[in-house]
Amino acid sequence: QVQLVESGGGLVQAGGSLRLSCAASGRAFSTYGMGWFRQAPGKERQFVAAISWSDGSTYYADSVKGRCTISRDYAKNAVYLQMNSLKPEDTAVYYCAAHSRLRILNKPEEYGYWGQGTQVTVSS
């Protein structure tokens with residue numbers, strides 16, 4: 001079992017940056033693959049970024065590639081999402097998620113553990 005708590009969301013102007021954090025608790029966090037998703041009002045939950053537990057490899061949605069960086073700190077049981085050059089269309093609730101599979105996953109239904117989400121609002 002893994003419990004996830006996100007933080008770091010807020011209101012930022014277009015072009016600005018935010019760093020989201022996800023604190024994880026529970027056993028064997030180091031063997032869980034991690035991901036970030038987002039959901040805007042009236043839209044489906046959308047993949048943003050993922051990082052594997054085995055070799056630290058990462059994968060990004062095209063919409064955020066080059067602007068976002070996912071990282072994890074095993075000592076702190078944490079995962080981060082650094083977001084730069086934010087755009088109004090990045091406005092959404094951002095969720096941290098975890099799974100116990102070996103490979104990187106990018107579909108919400110493949111993740112078994114979710115945080116409560118943190119709101120990111122980008123003003124134009």
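Just so you know, residue 1 is the first one in the sequence shown, and it goes up from there.
- Counting non-hydrogen atoms of other residues, nucleotides and ligands closer than 6.0 Å to OH of Tyr59 gives a total of 12 or fewer.
- For Arg45 and Trp114, the positive end sits near the middle of the six-membered ring, less than 6.0 Å away and at most 45° from its axis.
- Judged purely by distance below 3.5 Å, without hydrogens or angles, the side chains of Ser123 and Gln13 never pair a donor atom with an acceptor atom.
- Heavy-atom minimum distance, Met83 versus Cys68: CG-SG, 3.6 Å.
- A heavy-atom distance below 4.5 Å is found between the side chains of Trp36 and Ile70.
- By the 4.0 Å N-to-carboxylate-O rule, Lys87 lies too far from Asp90 to be salt-bridged with it.
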*Apply the test side-chain contact (heavy atoms from CB on, under 4.5 Å) to residues Leu4 and Met34: give CA-CA distance (whole Å), side-chain angles for both, the deciding distance (0.1 Å), then the verdict.*
CA-CA 10 Å; Leu4 306 170; Met34 302 298 296; 3.9 Å; yes
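- For Phe47 and Tyr60, the gap between ring centers reaches or exceeds 6.0 Å.
- Interatomic distance, Phe37 CZ to Lys107 NZ, rounded to the nearest 0.5 Å: 9.5 Å.
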*With side-chain contact (heavy atoms from CB on, under 4.5 Å) as the test, would you mind laying out the steps for Glu6 and Val93 before giving the verdict?*
CA-CA 10 Å; Glu6 303 94 334; Val93 177; over 6 Å; no
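- For the pair Arg67 and Ser85, the tightest heavy-atom approach, listed with the atom from each and the gap, is NH1-O, 3.0 Å.
- The shortest side-chain heavy-atom distance between Leu81 and Val48 falls under the 4.5 Å cut-off.
- The two residues Gln82 and Ser17 make their nearest non-hydrogen contact at NE2-CB, 3.9 Å.
- With a 6.0 Å radius and a threshold of 12 heavy atoms from other residues, nucleotides or ligands, Glu109 has its CD atom above the threshold.
- The ring pair (Phe, Tyr, Trp, His ring centres under 6.0 Å) analysis of residues 73-109, with sequence neighbours excluded, yields the pairs His99-Tyr111.
- A distance of 6.5 Å separates CG in Asn84 from OG1 in Thr69, rounded to the nearest 0.5 Å.
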*Can you check side-chain contact (heavy atoms from CB on, under 4.5 Å) on Ile51 and Ile104, steps first, answer last?*
CA-CA 7 Å; Ile51 186 167; Ile104 284 184; 6.0 Å; no
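- A donor-acceptor pair under 3.5 Å links the side-chain atoms of Thr118 to the main chain of Gly9, judged by distance alone.
- Between Pro88 and Ser124, the shortest heavy-atom distance links the atoms CG-CB, 3.8 Å.
- Between the side chains of Ser57 and Ser52, at least one donor N or O sits under 3.5 Å from an acceptor N or O.
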*Take Glu89 and Val122 through the side-chain contact (heavy atoms from CB on, under 4.5 Å) test and state the conclusion after the steps.*
CA-CA 8 Å; Glu89 50 264 45; Val122 184; over 6 Å; no
